[in-house]
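Just so it is clear, the model here is predicted, and its values are computed rather than measured. In what follows, every heavy atom counts, from backbone to side chain, and hydrogens, waters and symmetry copies are set aside.
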Amino acid sequence: MSKQNNHSYRKVAIAACFGTFLEWYDFLTFATLAVVFAPLFFPSTDPNTALLASLATFGVGMVVRPIGAALFGSMGDRIGRKPVFMITIALMGVATVSVGFLPTYAQAGIWAPILLVALRLLQGLSAGGEIGGSAVYLTEHAGIQHRGFKTSFLQLMGPLGILFSTLQIALLRNYLSPEEFQSWGWRVPFWISIVLLLIAFKARMALEETPVFLELSKNSHKIENPLITNFRDPQTRKRMFLLFFCISSGGAVLFFCVQVYTAIFLKTSIKLAPEIVDQLSLYSTLCLLPLTVFAGWLSDKVGRKAVVVSGLIFGAAITIPAFNALQHLGNTYQQTSDNGALLLISAILASLSLALALVVGPQTALLAELFPAKSRNSAATLPHNLAAGWIGGLLPLIVTWLNQQWGTDKAGLWYPTIFLASAGVTALFYLPETKKVDLNT
């Protein structure tokens, strides 16, 4: 690739990644502040009821993601990748900024939660079009050389969105009194979205349509109803299922185990100090970043299939032993305050991060490579968002319910273990190798 092309791709990658970072930042800030929203927008004599209502509002955004994927994915195949790219970032940005200016229940009564839910629906719809659509856009610009490595950076935006959102809220809580934070401090992350939105929008305005879509337009190969066409075509339908079950669901399951449940487990079951758990979680996220890029690079060398299958099988094999070891080491630290136990916990978290990285590192490239150009956007975004919204979104509920049924904190982990093993075996036999696929076909 020439220097000019390298420069052009870097420009595309930065704009695509920054926009996706903003989507994740906006989406996750809402989740982080669910506890704060409960008394402000859902007042109740029972605090648990208010919290459940707030969490349900967050869940609404996950549920409608597939609807946004179906809508914007089809639009991306009909009118172009770039216009949809602009629409989704504008919708997410406007919805998020608006949350920062919402009146509370005390100020507007029932309209406050109604408006909050409406804005959350807009967030979910735009995330459904962005997350998946941005993968297609970036991959179609990447060329065939080092495609896995170059597109793997998009997968870093989720962890970075979590870090930025979490650190920002932690700083606000540190500098503001609890009363100030509850009164107006919680609005600041949403106000900051104004600046981020303007930067992202300006960067995306300068971008060009993908060469793949331009070629489709020139040869009149676009189709009017791409989503319907996808479901009618047996080959595309099969690959949509493989994307849903093996790649996107596998990544969502591992993301929950690595980025979410480990912190819950260490805080509630082992009862480690929250500040220690937060430091361990930060370490785990930082480990994930280079491992994800490494997995993308490795998929260019040995193939996407080998890397993804390795991640799924490794994840299935390590999940329950890892949590057993975390429990043992956590209890050891509680009794002895031995820092060696914390180092071993960090090593276990790094191993779990490796399993996640092996699945998500090649994921961006795979989303595009699995499908023909004329229906790629719709074929990739719908199963990907179904997996994230339904499999990933429901996993905490299912694991918690199984734990309660069996009376232990680890029984629920059999669900992700069996899911990952099933996905790994399915991918081993049916997932095609795609690293040398010509994206123009």
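Under 3.5 Å, the side chains of S353 and S284 contain a donor-acceptor pair of N or O atoms. Looking only at atom types and distance, the side chain of S375 has a donor-acceptor partner in the side chain of N230 under 3.5 Å away. Counted by atom type alone, S165 and T29 present one or more donor-acceptor pairs between their side chains at under 3.5 Å. S248 and Q363 form no side-chain donor-acceptor contact under 3.5 Å, judged by distance and modelled atom types alone.
Centroid-to-centroid, the aromatic rings of F164 and Y25 come within less than 6.0 Å. Aromatic ring centroids of F101 and F190 lie 6.0 Å or more apart.
K435 contributes no side-chain N or O that, together with a main-chain N or O of R304, makes up a donor-acceptor pair within less than 3.5 Å. Between the R147 side chain and the E369 main chain, no donor and acceptor come within less than 3.5 Å of each other. Checking side-chain atoms of S299 against main-chain N and O of G296 turns up a donor-acceptor pair under 3.5 Å. A distance-only check finds no donor-acceptor pair linking the side chain of T88 to the backbone of G129 [under 3.5 Å]. Judged purely by atom type and a 3.5 angstrom limit, R376 uses its side chain to pair as donor or acceptor with the backbone of A368. Q123 contributes no side-chain N or O that, together with a main-chain N or O of M92, makes up a donor-acceptor pair within less than 3.5 Å. A donor-acceptor distance shorter than 3.5 angstrom exists from the side chain of N385 to the backbone of G128, with no hydrogens or angles considered. Between the side chain of K305 and the backbone N or O of E433 there is no donor-acceptor pair closer than 3.5 Å. K150 places no side-chain N or O within donor-acceptor distance of the main-chain N or O of L138, the cut-off being under 3.5 Å. In this structure a side-chain-to-backbone donor-acceptor pair under 3.5 Å is missing from R65 to A387.
Applying the side chain to side chain donor-acceptor pair (under 3.5 Å) criterion to T417, with sequence neighbours excluded, gives no partner residue. Not counting sequence neighbours, the partners of F429 by the side chain to side chain contact (heavy atoms under 4.5 Å, CB included) test are V425. With sequence neighbours left out, the salt bridge (charged side-chain N to carboxylate O under 4.0 Å, His left out) criterion links R81 to D77, E140. In this structure, the ring pair (Phe, Tyr, Trp, His ring centres under 6.0 Å) partners of F323, at least two apart in sequence or on a different chain, are Y261, F265.
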For residues 315-322, tabulate all N or O donor-acceptor pairs below 3.5 Å that involve a side-chain atom, not counting sequence neighbours.
residue : atom : partner : partner atom : Å
T319    : OG1  : G315    : O            : 2.6

> Going through the checks in order, is the side-chain contact (heavy atoms from CB on, under 4.5 Å) test met by L366 and L243?
Replying inline: CA-CA 8 Å; L366 266 166; L243 173 60; 5.7 Å; no

> Between V359 and L312, does a side-chain contact (heavy atoms from CB on, under 4.5 Å) hold up when you go through it step by step?
Replying inline: CA-CA 7 Å; V359 176; L312 292 169; 4.0 Å; yes

>> Please evaluate residues V188 and W191 with respect to the criterion side-chain contact (heavy atoms from CB on, under 4.5 Å), reporting the C-alpha separation (whole Å), side-chain torsions for both, the decisive distance (0.1 Å), and the verdict.
In response: CA-CA 5 Å; V188 174; W191 294 340; 4.2 Å; yes

> Can V258 and L349 be said to form a side-chain contact (heavy atoms from CB on, under 4.5 Å), step by step?
Replying inline: CA-CA 7 Å; V258 177; L349 295 178; over 6 Å; no

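Among pairs with a residue in residues 279-311, those fulfilling ring pair (Phe, Tyr, Trp, His ring centres under 6.0 Å) read F294-W297, at least two apart in sequence or across chains.
Partner of F72 under the side chain to side chain contact (heavy atoms under 4.5 Å, CB included) criterion, chosen from L91, L382, I67: L91.
S74 OG to I228 CD1: the interatomic distance, rounded to the nearest 0.5 Å, is 8.0 Å. For the atom pair I247 CD1 and R239 CZ, the distance stands at 10.0 Å (nearest 0.5 Å). Taken from CG in L439 to OG1 in T434, the straight-line distance is 9.0 Å, to the nearest 0.5 Å.
Ionic pairing of K267 and D278 is present here: one or more N-O contacts between side-chain nitrogen and carboxylate oxygen are shorter than 4.0 angstrom.
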